[in-house]
Protein chains: 2
Amino acid sequence: MTGTKDRILAAGSELFRHGGYSGTGVKQIVEKAGAPFGSLYHFFPGGKEQLGEQVLRTSGMEYLQLVDLFLTPAPDLISGIEAYFAAGVNVLLETDYVEGCPIATVALEVATTNEVLRKATADVFTAWIDAGTEKLAIFGLPPEAARTLTISLINSLEGAFVLSRSMRSTEPMAVAGASVVDVARRLLAELGQDGKKQAA
Amino acid sequence: MTGTKDRILAAGSELFRHGGYSGTGVKQIVEKAGAPFGSLYHFFPGGKEQLGEQVLRTSGMEYLQLVDLFLTPAPDLISGIEAYFAAGVNVLLETDYVEGCPIATVALEVATTNEVLRKATADVFTAWIDAGTEKLAIFGLPPEAARTLTISLINSLEGAFVLSRSMRSTEPMAVAGASVVDVARRLLAELGQDGKKQAA
DNA sequence: GTCTATAACATGATAGAC
DNA sequence: GTCTATCATGTTATAGAC
């Protein structure tokens, strides 16, 4: 049984990342959640801003699990990266370019206009970078190289979502994947490693 | 002498890219432009949407000139890319992470909510890609390689603006520059070229 | 805790004097 | 073409019955 609060969070997450923070009204959110209007201010006394912050932090942590889903099963670093961006292409096609990053739309909107929400987006990105850095160790990458590659991967993914969703083309996402593979290959060559999954 | 219409466009450009399309009110725009409220609907009978479209197309073409500013003077491809992302770092620092891409904020906001504005952002990105592809020919890159590298560059730049502005750190922008250099080096090696500027 | 009515305000847009 | 007053609507938030 899904609680009212969770339904409000889920509805907010979808509406915020599609229409933006300013572009989404609180009535729209409770309506989509099938929740009474008063419940919003019962569960989120801080109003729209508190809801926005919770939505960012919650969906940010949910998407963190996607890293495991595609990188962990891969036999080596390169095919892990390829699987990750192939999944990005699939998301674009399967949702008709509707879905992308759950954070970026709001992140750009609030970067200079709302410090509470900006901090929430920054915390999510920081968590993603730290988790990716840790995860890439399974392919033998030392911390510094793993961090650089993770940031490069997120950079390219975020930028590709902007271009691909705007242009309604998978080309930018495909190019992004190939680019990150280039970066990974250069790193591996520099380290003299093969990028195969390490024994536990 | 700056016309009223131009001042409205300039004010709209700044406010839209900072606060987003939904987050910016038309009254806010005319106030910043020092223009009478009625002038907005005189010059833009289509209202906020027509203004938004004009702002996107106009500032998109203005930023196109920045490609020339940093890539053209470079003696070779690699140092051109480095100069470009160094400029990105400077913009972040000099504006205290306020300025970024004039299109991306609105692009994510309207990608699935306003087809007129989405098309405008797509046309701008397409123009950037085409212009970059053409410009990179001065370093000897054939069209296909030039297009791939241009998309990779814009991907990384856009994503780095998202992360850097959110986290208030230049690290993502610096990583982005190094990553695109990796991609360029791989392309040059594959083509057997040196990336030096070609004679006219 | 659920739900509704409504307050207080901001929004995009328009009418019409000048 | 400039400028102001105003409309209708949508916004966030609150009060208070149940």
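Only this structure's heavy atoms are used, side chains among them; waters, hydrogens and symmetry mates stay out. In what follows, every chain begins at residue 1, and chains take the letters A, B, ... in the order their sequences are listed. Because the structure is predicted, anything quoted here is derived from the model rather than measured.
The CZ atom of B:F43 sits 17 Å away from the P atom of C:dA13 (whole-angstrom rounding). Separating the CD1 atom of A:I29 from the P atom of D:dT12 is a distance of 8 Å, rounded to the nearest angstrom. Note: CD (B:Q50) to P (C:dG12) measures 15 Å, nearest angstrom. Going from atom CZ of B:R7 over to atom C1' of D:dC3 covers 14 Å, rounded to whole Å. The CG atom of A:L40 sits 14 Å away from the P atom of D:dT11 (whole-angstrom rounding). Per the geometry, NE2 belonging to B:H42 stands 15 Å off P belonging to C:dT14, to the nearest Å.
In this structure, the side-chain contact (heavy atoms from CB on, under 4.5 Å) partners of A:D182, at least two apart in sequence or on a different chain, are B:V183, B:R186. Here B:F85 pairs with nothing under the ring pair (Phe, Tyr, Trp, His ring centres under 6.0 Å) rule; sequence neighbours left out. Partners of A:F16 under the ring pair (Phe, Tyr, Trp, His ring centres under 6.0 Å) rule, at least two apart in sequence or in another chain, are A:Y21. The ring pair (Phe, Tyr, Trp, His ring centres under 6.0 Å) test applied to A:F139 returns no partner, not counting sequence neighbours. Applying the side chain to side chain donor-acceptor pair (under 3.5 Å) test to A:S166 and every residue at least two apart in sequence or in another chain returns B:T121.
Residue pairs that meet the salt bridge (Lys or Arg N to Asp or Glu O under 4.0 Å) test with at least one member in residues 20-35 of chain B, sequence neighbours left out, are B:E14-B:K32. Among pairs with a residue in residues 83-97 of chain B, those fulfilling side chain to side chain donor-acceptor pair (under 3.5 Å) read B:D96-B:R168, at least two apart in sequence or across chains. Among residues at least two apart or in separate chains, side chain to side chain donor-acceptor pair (under 3.5 Å) pairs with a member in residues 127-137 of chain B are B:D68-B:K135.
Summarising the local packing, NZ of B:K197 is surrounded by more than 12 heavy atoms from other residues, nucleotides or ligands at distances under 6.0 Å.
Residues of residues 103-116 of chain A that place a heavy atom closer than 4.0 Å to DNA chain D do not occur. For the segment residues 8-25 of chain A, residues with any heavy atom less than 4.0 angstrom from an atom of DNA chain D are, sorted by number, A:T24, A:G25.
With hydrogens and angles ignored, the 3.5 Å screen pairs no side-chain donor or acceptor of B:E158 with any backbone N or O of B:C101. Put simply, the side chain of A:S156 never gets that close to the backbone of A:V180: no donor and acceptor are under 3.5 Å apart.
B:F44 comes within 4.0 angstrom of nothing in the nucleic acid, heavy atoms only.
Note that the two end axes of the helix from C:dG1-D:dC18 to C:dC18-D:dG1 enclose an angle of 10°, each drawn from 5 base pairs, rounded to 10 degrees.
Hydrophobic clustering (side-chain heavy atoms under 4.5 Å, transitive across Ile, Leu, Val, Met, Phe, Trp, Tyr) groups A:I29 together with A:F37.
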Self-check item: Protein-to-nucleotide contact annotation, 5' to 3' order, nucleotides 13-18 of chain D [B base; S sugar-phosphate only; - none; under 4.0 Å, heavy atom]
Solution: BB----
Quiz item: Is there a salt bridge (Lys or Arg N to Asp or Glu O under 4.0 Å) between A:R147 and A:E144 once you walk through the steps?
Solution: CA-CA 5 Å; A:R147 179 179 177 88; A:E144 282 171 55; over 6 Å; no
